[in-house]
Protein chains: 2
Amino acid sequence: MKNDQRSTTTLHEVANAAGVSPATVSRFLNGTAKVSDDKRKVIERVIGELNYKPNQLAQSLKMGSTRTIGVLTQSLESGYFNKTMTGIEDAMKESGYALLIMSGHWHADEEAERVELLIGRRVDGVAILTGNMDDAQIMGFSRRVPIVAFGRDLHGERINGFCLDNYGAACQAMEYLIEQGHRRIAFIAGPADHVDARARLAGYRDTLARHKLEADPALVVPGDFSESGGLLALNQLLATSQRFTALFACNDLTAYGARLALYRRGIRVPEDISIVGFDDLDSSMYTTPPLTTVRQPLYDVGLCIGGMMLRMLGRPQPEFPAPPLSLMVRESVRRMG
Amino acid sequence: MKNDQRSTTTLHEVANAAGVSPATVSRFLNGTAKVSDDKRKVIERVIGELNYKPNQLAQSLKMGSTRTIGVLTQSLESGYFNKTMTGIEDAMKESGYALLIMSGHWHADEEAERVELLIGRRVDGVAILTGNMDDAQIMGFSRRVPIVAFGRDLHGERINGFCLDNYGAACQAMEYLIEQGHRRIAFIAGPADHVDARARLAGYRDTLARHKLEADPALVVPGDFSESGGLLALNQLLATSQRFTALFACNDLTAYGARLALYRRGIRVPEDISIVGFDDLDSSMYTTPPLTTVRQPLYDVGLCIGGMMLRMLGRPQPEFPAPPLSLMVRESVRRMG
DNA sequence: TTGAAAGCGTTACCAA
DNA sequence: TTGGTAACGCTTTCAA
């Protein structure tokens, strides 16, 4: 017993102990070529005795593939992104690929830096979840590594992307509110530089216009996709003493914050004010009242991303269409009159 | 321009182009030894021109370190674990270490399998977040790779662990409830095989006993750490028409579910029933009413884990004491009489 | 200060 | 079917 400390058995040691050449052991391991029954038996035994595990590092260096895909998320804490990552993880499960995850925190420079890091670590592909980088920048990266980008409409030899129809879903939510008899509908916006936030705002405005309803600019207040932003926004809105019967929040977190602001003032939901959110986070089913919101099929998005990646990497996968957004009608909207 | 496709420049190519030996380039890159000014200049230029980036794979193989630490989490979707991971990520930020994250889904076999995978990928260390493996099993892994384990009191040459005082915090929460005048307090338990869940239950029982209050077994109902479990549990509790004025939920998710069950029946919080949770998830500050709950300093836990890991890996780090749990008094508990 | 060369643990080609 | 051997891209002796 000389291998005391974390010593790792190598292929050579196995070969020596088994009295065969390293090449043969390798062939046995990978099924690359036939090895005779007697040798196979010895090798099998020796591997068991020595508890040999191939060094993936060496394999990667040799084969030019790390069996790792990099994921650029924005925040490890985001329920939004993590659901997607679970999907990616599950899509990759059987393939032997591992996920190297890094966060860009919605900061273009940091995102680019992380992608560089990922490439430096020789990942086989990079999945980019939204973020603030230029499309051009991402296209540039795609010359160095296969990329699948969620939230971007990018396509090319080594890159694929897809978006969800945020605009359409926002319209759908607004239609619902209007159909329930609401006329004065407030909107808490998201970060102005965020594509999805912009699409949702456009959906709000266009639907109002389509119904020839006044789009009172005082009814649109800025938010930042966070609970505290929603709280602030609603306080700000209330301070202007504008009348409104419904509120469309650009995401669920914002809706949570707004809901608390209402609670603080004793304004009931949905009796006094109706609320619609966007995302359908897990907890939205359990708020009081359960939140009516646009469901983003994030897990499926992850599956989709994973599948696209695997396909780019040359592993045939069943196509998985980008899933649609849909309105989850729960209990935060009241039917008027 | 011959390097069209993702071709990667190597150290040798740089050396050739610069008219020096690979060794010199390597020395320049690592500052391992002095290189003369003229050579240094050429090398610098060539590296820029060729956009050379060292192959980390080759470096790792040579140096025996991947600068990667594996993290065994239980679920990528868990707000609980992800907060911790953010802490780990931040602790590692400057060190050049990357995180290879895998999920065990609270299943001992799967956890062990993931750790094997991590070791196979030659991570420099593994951080284990709770989970269901035996302590012995984990000690076993520690002979192969340095480990820091959260939620375990393990110590050894290549392993360090720490727990948070769930028992004490549960007692603290119960003391608060009693102090507020509550006498009949219900408890929604967590998974019976979960250490933390057990500690919290023990805290509930012992505090009752310490105050000579009846521990009515009908008042403790099983849950599973999820919202739906909390909802079910509370319905079950209500079905027995037991009297109680307060509810201690073994975690926040459970509290959310219970709160919805109450809402459904028009039972007000905290006027009719008071609720205390455990974890202090981000959204607990924004529930209606904001939830009084035990705060787990998960981000700091992550920092702590990261620091311990770095120290084990031979990088001196300032010690970071395991942070204490504390009760966040908000608005879900009513003062009786 | 520099270069040649050995080696990290694999895989795969070429002979045998 | 097997073994020898040359890579993969890097770091680090050892000499010069």
Side-chain angles (χ1 to χ4, degrees), chain A residues 3 5-44 46-47 50-68 96 119-124 144, chain B residues 3 5-44 46-47 50-68 96 119-124 144:
Chain A
N3 46 338
Q5 287 283 66
R6 62 180 327 204
S7 76
T8 322
T9 346
T10 72
L11 192 72
H12 275 84
E13 293 169 346
V14 173
N16 285 341
V20 301
S21 81
T24 304
V25 182
S26 172
R27 282 188 280 252
F28 164 76
L29 252 21
N30 305 312
T32 314
K34 266 212 133 54
V35 339
S36 63
D37 263 8
D38 45 340
K39 309 226 181 241
R40 139 172 271 123
K41 287 219 185 77
V42 201
I43 296 176
E44 236 156 6
V46 173
I47 285 182
L50 268 42
N51 188 28
Y52 167 75
K53 302 271 164 59
N55 185 332
Q56 287 213 35
L57 231 48
Q59 291 181 322
S60 295
L61 179 60
K62 184 67 196 176
M63 320 246 25
S65 156
T66 50
R67 295 214 163 296
T68 304
I119 295 179
R121 283 175 173 271
R122 296 298 191 271
V123 295
D124 293 349
R144 304 206 267 144
Chain B
N3 45 340
Q5 288 283 68
R6 61 181 328 207
S7 74
T8 321
T9 343
T10 72
L11 191 71
H12 275 83
E13 292 168 348
V14 174
N16 285 341
V20 300
S21 80
T24 305
V25 181
S26 171
R27 284 189 277 251
F28 164 76
L29 252 20
N30 304 311
T32 313
K34 269 214 128 54
V35 340
S36 62
D37 262 9
D38 46 338
K39 307 227 183 240
R40 140 172 270 122
K41 287 221 185 78
V42 200
I43 296 175
E44 233 157 8
V46 172
I47 285 182
L50 267 43
N51 188 28
Y52 167 73
K53 302 272 163 59
N55 185 333
Q56 288 213 36
L57 231 48
Q59 297 188 138
S60 297
L61 180 58
K62 184 66 198 180
M63 321 245 30
S65 155
T66 50
R67 294 214 163 295
T68 303
I119 294 178
R121 282 174 173 270
R122 296 298 190 270
V123 295
D124 293 349
R144 304 207 270 144

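Within every chain, numbering begins at 1; the chains are lettered A, B, ... in the order of the sequence lines, protein sequences first and strands thereafter.
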Nearest-angstrom distance from the residue atom CG of L61(A) to C1' of dG9(D): 6 Å

Rounded distance (nearest 0.5 Å) linking atom CG of N55(B) with atom NZ of K62(B): 14.5 Å

Any Q59(A) side-chain N or O less than 4.0 Å from OP1/OP2 of dT11(C): yes

From V46(A), V14(A), V25(A), residue fulfilling side chain to side chain contact (heavy atoms under 4.5 Å, CB included) relative to V20(A): V25(A)

Euclidean distance, L29(B) CG relative to I47(B) CD1, rounded to 0.5 Å: 5.0 Å

Identify the pairs formed between an N or O of the protein and an N or O of nucleotides 13-16 of chain C at a distance under 3.5 Å, and give each distance.
unit_1, atom_1, unit_2, atom_2, d
dC13(C), N4, R27(A), NH1, 3.3

Side-chain N,O (T24(A)) to OP1/OP2 (dG3(D)) below 4.0 Å: yes

Nearest-Å distance for atom pair CD/C1', residues Q56(A) and dT11(C): 14 Å

Rounded distance (Å) that lies between atom C1' of dT10(C) and atom CZ of R67(A): 14 Å

First of K62(A) and T10(B) reached from the 5' end of DNA chain D, by closest nucleotide: K62(A)

Separation of dC8(C) P from N55(B) CG (nearest whole Å): 18 Å

First of S36(B) and R122(B) reached from the 5' end of DNA chain C, by closest nucleotide: S36(B)

Minimum-distance nucleotide to V20(B) side chain [options: dC8(D), dT10(C), dG3(C)]: dG3(C)

Whole-Å gap separating P (dG9(D)) and CG (L57(A)): 14 Å

Rounded distance [0.5 Å steps], OG1 in T10(A) versus CG in N16(A): 8.0 Å

Side-chain touch K53(B)/R144(A), heavy atoms, less than 4.5 angstrom: yes

Minimum-distance nucleotide (side-chain atoms of N30(A) versus dC8(C), dT11(C), dT2(C)): dT11(C)

Sugar-phosphate, base or nothing in reach of S26(B), heavy atoms under 4.0 Å: base

Pairwise distance OG(S60(A)) to CZ(R121(B)) - rounded to 0.5 angstrom: 7.0 Å

Touch class at under 4.0 angstrom, heavy-atom based, for Y52(B) against every strand present: sugar-phosphate

Atom-pair distance (CG on L29(A); P on dT11(C)), nearest Å: 7 Å

Nearest-angstrom distance from the residue atom CE of M63(A) to P of dG9(C): 18 Å

Side-chain donor or acceptor of N30(A) paired with backbone N/O of T32(A) under 3.5 Å: no

DNA chain C: 5'-proximal contact among A58(B) and D37(B) (nearest heavy atom): D37(B)

Separation of atom CG in L11(B) from atom P in dT11(D), rounded to whole Å: 6 Å

